[in-house]
Every structure is written in C-alpha cells, then in structure tokens.
S.K.: 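Below: one structure in structure tokens.
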2 protein chains.
Amino acid sequence: MDLGRRLRSRGYRLTPQREAILGVLRENAGRPLSPEDIHAMAGKKQPGMGIATIYRTMDLFCELGIAFPVHLRGGYRFYEINLGKHHHHMECIACGKLELLEACVIDDIAELVRDGSDFLITSHCMSLFGYCRQCLEGGKEKEAAES
Amino acid sequence: MDLGRRLRSRGYRLTPQREAILGVLRENAGRPLSPEDIHAMAGKKQPGMGIATIYRTMDLFCELGIAFPVHLRGGYRFYEINLGKHHHHMECIACGKLELLEACVIDDIAELVRDGSDFLITSHCMSLFGYCRQCLEGGKEKEAAES
DNA sequence: CTCAATGCAAACTGTTTGCAACCGC
DNA sequence: GCGGTTGCAAACAGTTTGCATTGAG
C-alpha cells in the first residue's frame, strides 16, 4: 500500500514522478496502459517528465510487484497496476476495444502443467482476439479508424 | 499443401524466396521463429534475401493461414507454420528455453466466453512463464547468459 | 552531503515504406 | 509485357543508454 515504504526498504527513493505514475496506474486499474499513455497522463500531474523515466519506473514497479506487464496483439508493451486479483483480456482485432475477463481458468491449467513437467510456473499470459459487437454489426472489418 | 496453388488462387505469385521461407517454417514446425531467425535460415537456401521480404512474406502467410504469430514474453514477434493442431508454449524466464504445451484447454474457455459476451472470438494466445529444471537446479536465476 | 533519480538527447533495435529493377505467369 | 515481388536504403517507432544536473534522505 505505502509506496514510500516499499521503495525505501529496498534502497529506492520516493519521488514525485513515481507518485504520479502510481496515481495514473491506480486510476486506470484493469486497463492496460502503454508507456506513452502513462507518460501523457502522468505528465499532467508532474509536468516535464521524460519518457525514459516512465520506462525506468515501470521496470522497477514490475520488479517490485507493484505493476505487471500485459501482452496484447502487436507486441507492444502495456502495464497495469497489480491489485492481486488476476484477469485477462479480450481484444477486438478491428477497433482495438478491450474487454476484461474476470475468470482465470488458466491457474488450473498451470497447476496441471506444473505436475506434469519440470517447469516452475511463475506467471502466464492469455488474450483472446476477435471482433466486438460494434465491429461485427457495422461494416464487418476495421470500423473505428479515428473519429 | 501446395503453396503455389494457394498463392495463385489469390492472385499472388510463387517465388523462390517464398518457397525458401516455407521450407524454413516446415523444418522448424512447433518452434517459434523470429523474423531474424527466418532471415538467417532462409538466406542459406536463397542467398541475398532482404529482411523486408521476410516481414512482407510472414504477413502474407499469416493472412493466408499458412503461418501464425506467437506472442511470447518481451513482446517480440515470432512465427510458426500452421499445421492445424493448436498448441501453446512454456518459456523459461531465466534461459529462454521453450517447451510445447500440446493441450489447449483455452478452446473451451473461448467457447464459454463466446456465449457470455458480444465478442466473436477468432484466435487467442497463451503462454506460461517460469523456470525450467536446469535453471532451478543450477544457480537459480539467470543461468544461460552465453556460452 | 551523498548517491539515487531525472531530463535530455543521442544511440539502438525492430519494423515499415518508397522505389527502381526484376521476374513469375 | 503486365503487374506482383524483391533488395536496398531511408524512414519510423518504440526503447535504451550516457551524462550532467537535481533532489530525496
């Protein structure tokens, strides 16, 4: 909970930039954010932030378990705040809309695999891809270019 | 099966480069290859190939269902030949070793989700991450730097 | 006062694009 | 020979790194 304590106990420092970034993550819990997204939003709280700070901070946050990376189609990087409860995503191929999948049946799978192999599973990622309702109804493919 | 026919029927052409790339994919069925990997291997069959050809060809192959993209940790791109039977991967965080997961329970999940939402699921990706036996036994973390 | 952290800009890496030459069909 | 395809090089986009400066503890 306490960011300052969490950082200091490991020899890191609590800076306004890190607070701003954590704030952004908190306000967007459950929504994967790109470094660019975070930069733009955190920049409003803490003007003048460099993009490099975002990358460095997100690496740190992931290492500390404060955030985690999300792997979506396209291979770009996204991050979310780690609130303990696990979930996955469904992404629309046409417009990019994301929907949350609360359930995580994969934990069961991972457990199964754990028994049948030499791997020690520590994390996993899963995403479903397809078309959302809007894109299916109107025009079929690539609808929402830009408004 | 017949690459030439498959291409021509859609107005595309069969070139030595495309044959070389398909050959590489075939010989590495089940193993995710990066564009770089493919470039290096196909270059031995067909010297002088440009990297751009790899990217363009893989896009085409994916569109035609000849290959499919694999999403692993790190967000880089990988491809595999599409042999119909679906599978997933387990990747060692420490040394990068990949292991195949034959089973795909996600198809069931996808079906479940299909009923409970507006999405039309067309594909998905899942990968498990953890540590392989070797990395667990020897030295715990980051073993295989380079030889 | 010390050393971690930042902003900036340059360097990198992976991917895409424009274009003239090339070559399947 | 028409038009899809290629190699090359330049352009891009996202990410990383070096370094002088700043500022948390």
Side-chain angles (χ1 to χ4, degrees), chain A residues 2-24 32-64 66-67 69-79 96, chain B residues 2-24 32-64 66-67 69-79 96:
Chain A
D2 181 359
L3 181 61
R5 184 157 316 178
R6 211 152 170 182
L7 289 171
R8 266 176 243 119
S9 72
R10 294 259 218 139
Y12 299 113
R13 292 174 184 175
L14 178 58
T15 65
Q17 288 86 341
R18 288 176 178 171
E19 281 187 300
I21 292 175
L22 183 65
V24 168
L33 301 175
S34 69
E36 203 81 20
D37 293 336
I38 300 172
H39 185 222
M41 294 192 238
K44 286 180 188 167
K45 297 167 187 270
Q46 215 17 249
M49 290 186 61
I51 186 75
T53 298
I54 308 295
Y55 283 99
R56 288 188 278 229
T57 300
M58 291 318 300
D59 279 351
L60 179 62
F61 279 9
C62 286
E63 189 189 317
L64 294 179
I66 295 172
V70 178
H71 305 268
L72 297 175
R73 208 180 189 79
Y76 298 115
R77 228 177 292 186
F78 294 89
Y79 297 100
Chain B
D2 182 359
L3 181 61
R5 185 157 315 178
R6 209 150 170 185
L7 289 170
R8 268 176 241 118
S9 72
R10 294 260 219 140
Y12 299 113
R13 290 176 186 173
L14 178 59
T15 65
Q17 288 88 340
R18 287 176 179 169
E19 282 187 299
I21 292 175
L22 182 65
V24 168
L33 301 175
S34 69
E36 204 80 19
D37 293 337
I38 300 173
H39 185 221
M41 295 192 235
K44 286 180 186 166
K45 297 167 187 269
Q46 223 3 259
M49 289 186 60
I51 186 74
T53 298
I54 309 294
Y55 283 99
R56 288 188 278 231
T57 301
M58 292 317 301
D59 280 351
L60 178 62
F61 280 8
C62 286
E63 188 189 318
L64 294 178
I66 294 172
V70 177
H71 306 267
L72 297 176
R73 208 180 189 79
Y76 299 115
R77 228 178 291 187
F78 296 89
Y79 297 99

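Note on naming: letters A, B, ... go to the chains in the order of the sequence lines (proteins, then strands), and numbering restarts at 1 for each one. This is a predicted model, so every value here is computed, not measured.
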S.K.: Could you check how far CE of B:Met58 sits from P of C:dT16, rounded to whole Å?
M.R.: 12 Å

S.K.: Looking for any heavy atom pair under 4.0 Å, which part of the strands does B:Ile51 touch: base, sugar-phosphate only, or nothing?
M.R.: nothing

S.K.: If you find the nucleotide of DNA chain D closest to A:Tyr12 and the one closest to B:Leu7, which residue's nucleotide is nearer the 5' end?
M.R.: B:Leu7

S.K.: Output the rounded distance in Å from CZ (A:Arg8) to P (C:dA4).
M.R.: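 My rounded result for the distance is 16 Å.
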
S.K.: Atom CD of A:Gln46 and atom P of D:dG23: how far apart are they, to the nearest Å?
M.R.: 10 Å

S.K.: Whole angstroms only, please: what is the OH-C1' distance between A:Tyr55 and C:dG7?
M.R.: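 Those two atoms, OH and C1', are 15 Å apart.
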
S.K.: In terms of the nearest nucleotide of DNA chain C, which residue is placed more toward the 5' end: A:Arg18 or B:Pro16?
M.R.: A:Arg18

S.K.: Might you point out which heavy atoms bring B:Val24 and B:Leu33 nearest each other, and give the distance in Å?
M.R.: CG1-CD1, 3.8 Å

S.K.: Can you see if the side chain of B:Arg56 gets near the phosphate of D:dC8 - specifically, an N or O under 4.0 Å from OP1 or OP2?
M.R.: no

S.K.: From CZ of B:Arg13 over to P of C:dC22, roughly how many Å is that when rounded to an integer?
M.R.: 16 Å

S.K.: Within a strict 4.5 Å, meaning less than it, do heavy atoms of the A:Arg10 and A:Glu63 side chains meet?
M.R.: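 Of all side-chain heavy-atom pairs linking A:Glu63 with A:Arg10, at least one is under 4.5 Å.
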
S.K.: OP1 or OP2 of C:dT13 sitting under 4.0 Å from any side-chain N/O of B:Arg77?
M.R.: no

S.K.: Send over the distance from B:Arg5 CZ to C:dC25 P, rounded to a whole Å.
M.R.: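 B:Arg5 atom CZ is separated from C:dC25 atom P by 12 Å.
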
S.K.: Within this structure, what is the CE-to-C1' distance between A:Met49 and C:dT6, rounded to whole angstrom?
M.R.: 9 Å

S.K.: Side chains of B:Ile66 and B:Tyr79: closer than 4.5 Å at any heavy-atom pair?
M.R.: no

